[in-house]
Amino acid sequence: MGRDLERVLISEDELQAKIKELAGKIDADYAGKDLLIVGVLKGAVMVMADLARALSVPLEMDWMAVSSYGAGTRSSGVVRVLKDLDTDIAGRHVLVVEDIIDSGLTLSWLVHNLKSRDPASVEVCAALRKPDANKVPIEVKYIGFDIPNEFVIGYGLDYAERYRNLPFIGTLAPHVYGGTE
C-alpha cells in the first residue's frame, strides 16, 4: 500500500484469534439449533468466510446486500436492498454477520426487516464496532473489537472498492480521501 496506509489498528493475527474466540461462543449458543448465518455484502465476505470455517455447528449460509454508502466515507442514511436472501428464514435461528457497525442505521433497519420474516431468533455478530459513531440503539451479541470513530479499511472494508483484500484493519493516509497530509 505504500503511502496509502497511515497505520495498522488490528493485525491479521489479532483478527484470526478473535474470530476463533467468537466462533467458540457461537458454537456453544447454537448447539442443536438450526443456524443460518447471513453475511452482509460486500464488507462481511472476509469475516463470514473465516467465521464459517471456525464454526463447528451445522449451518447454512446466505447473503444480503444492503447499502447506505456511496463512494465516500460517511453513511448516507438511506438503506437500499441490492440483494435479498434466497432462503426462507421463518422458524430459523439467524445470525447476521457484519464487518463493522458504524452509525447502526443500516443494521437497525436490516434486523427489523429480518425479524418481520418470523425467524426463531435474530442475533448479530460484528467484527468491528464504533461506539462513538452509534446513532441508534442496536443489540449486538457478538463483537470482535470496539474501535475509534475513524474510517478503516482492510479485511473486507473498503474505500471506493479498494483495500478489501488487506488481511488487517488499518487507516488510510488523509491524502487518499482528500484530507490534508
Side-chain angles (χ1 to χ4, degrees), residues 1 5 7-67 69 81-102 104 106-108 110-111 113-115 117 119-131 138-147 151-159 161-172:
M1 280 190 54
L5 180 67
R7 71 182 187 283
V8 173
L9 289 179
I10 304 169
S11 72
E12 180 177 8
D13 289 344
E14 291 171 310
L15 284 167
Q16 293 308 314
K18 184 60 74 172
I19 292 295
K20 287 179 182 154
E21 177 187 320
L22 292 171
K25 292 176 182 176
I26 293 165
D27 277 339
D29 290 349
Y30 288 94
K33 294 183 179 174
D34 183 20
L35 178 62
L36 172 69
I37 58 175
V38 174
V40 182
L41 294 170
K42 298 179 186 171
V45 169
M46 304 300 186
V47 66
M48 179 86 155
D50 288 346
L51 182 65
R53 285 190 298 253
L55 289 168
S56 61
V57 294
L59 60 86
E60 290 181 39
M61 298 169 63
D62 203 346
W63 298 91
M64 284 189 80
V66 294
S67 177
Y69 285 84
V81 175
L82 306 174
K83 183 216 174 289
D84 206 344
L85 294 174
D86 296 323
T87 308
D88 179 3
I89 65 170
R92 305 285 306 271
H93 293 280
V94 176
L95 179 63
V96 177
V97 179
E98 269 280 27
D99 52 353
I100 190 167
I101 300 170
D102 202 330
T106 303
L107 183 59
S108 175
L110 179 60
V111 167
N113 178 285
L114 293 174
K115 285 183 176 179
R117 303 179 191 197
S121 67
V122 176
E123 297 291 351
V124 176
C125 176
L128 306 171
R129 177 178 65 176
K130 294 181 184 179
I138 184 84
E139 190 172 325
V140 182
K141 189 164 186 178
Y142 310 99
I143 299 168
F145 298 92
D146 281 334
I147 62 169
F151 190 79
V152 291
I153 46 98
Y155 200 58
L157 297 155
D158 75 299
Y159 174 70
E161 294 299 325
R162 296 182 64 205
Y163 312 108
R164 290 186 194 276
N165 61 316
L166 299 174
F168 55 80
I169 302 293
T171 59
L172 286 176

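- Listed by chain and residue number, Asp86 satisfy the side-chain hydrogen bond (donor to acceptor under 3.5 Å, both in side chains) test with Lys83 (two or more places apart in sequence, or in another chain).
- The CH2 atom of Trp63 lies 5.5 Å from the CG atom of Leu41; values are rounded to the nearest 0.5 Å.
- Rounding to the nearest 0.5 angstrom, the gap separating the SG atom in Cys125 from the CD1 atom in Ile19 is 6.5 Å.
- Atom CG of Leu51 and atom CG of Leu22 lie 7.0 Å apart (nearest 0.5 Å).
- Note: Leu35 CG to Tyr30 OH = 6.0 Å, rounded to the nearest 0.5 Å.
- The salt bridge (Lys or Arg N to Asp or Glu O under 4.0 Å) contacts involving residues 11-20 comprise Lys18-Glu21, where partners must be two or more places apart or lie in separate chains.
- Rounded to the nearest 0.5 angstrom, Asp102 CG and Leu107 CG are separated by 11.0 Å.
- Partners of Asn113 by side-chain hydrogen bond (donor to acceptor under 3.5 Å, both in side chains), not counting sequence neighbours, listed by chain and number: Arg117.
- The CD1 atom of Ile147 sits 7.0 Å away from atom CD1 of Ile169, with the distance rounded to the nearest 0.5 Å.
- In summary, of the residues considered (Lys141, Lys115, Glu139), a side-chain contact (heavy atoms from CB on, under 4.5 Å) with Val122 occurs for Lys115 alone.
- You'll find the side chain of Leu59 reaches within 4.5 Å of the side chain of Met61, heavy atoms only.
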Residues Asp29, Tyr142; criterion side chain to side chain contact (heavy atoms under 4.5 Å, CB included); working and verdict: CA-CA 11 Å; Asp29 290 349; Tyr142 310 99; 2.5 Å; yes

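- A pairwise comparison of heavy atoms in Val140 and Ile143 identifies CG1-CG1, 3.4 Å as the closest pair.
- A heavy-atom distance below 4.5 Å is found between the side chains of Leu85 and Leu114.
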Distance-only donor-acceptor pairs under 3.5 Å for side chains of residues 87-98, two or more places apart:
| residue | atom | partner | partner atom | Å |
| --- | --- | --- | --- | --- |
| Thr87 | OG1 | Asp62 | OD2 | 2.8 |
| Asp88 | OD1 | Ala90 | N | 3.0 |
| Arg92 | NE | Asp34 | OD1 | 3.2 |
| Arg92 | NE | Asp34 | OD2 | 2.6 |
| Arg92 | NH2 | Asp34 | OD1 | 3.2 |
| Arg92 | NH2 | Glu60 | OE2 | 3.4 |
| His93 | ND1 | Ser121 | OG | 2.8 |

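- Sorted by first and then second residue, the pairs that involve residues 44-58 and meet salt bridge (Lys or Arg N to Asp or Glu O under 4.0 Å), not counting sequence neighbours, are Asp50-Arg53.
- Taking the side-chain hydrogen bond (donor to acceptor under 3.5 Å, both in side chains) definition, one finds that Arg164 meets it with Asp158, Glu161, sequence neighbours left out.
- Here the closest non-hydrogen pair linking Ile37 and Met48 is O-CE, 3.4 Å.
- When every heavy atom of Ile138 is checked against every heavy atom of Ser108, the shortest pair comes out as CD1-CA, 3.6 Å.
- Between Tyr155 and Asp99, every side-chain heavy-atom pair lies at or beyond the 4.5 Å cut-off.
- Nearest heavy-atom pair, Leu15 versus Pro167, reported as atom, atom and distance to 0.1 Å: CD1-O, 3.5 Å.
- One N or O on the side chain of Asp27 and one on the backbone of Val57 form a donor-acceptor pair closer than 3.5 Å.
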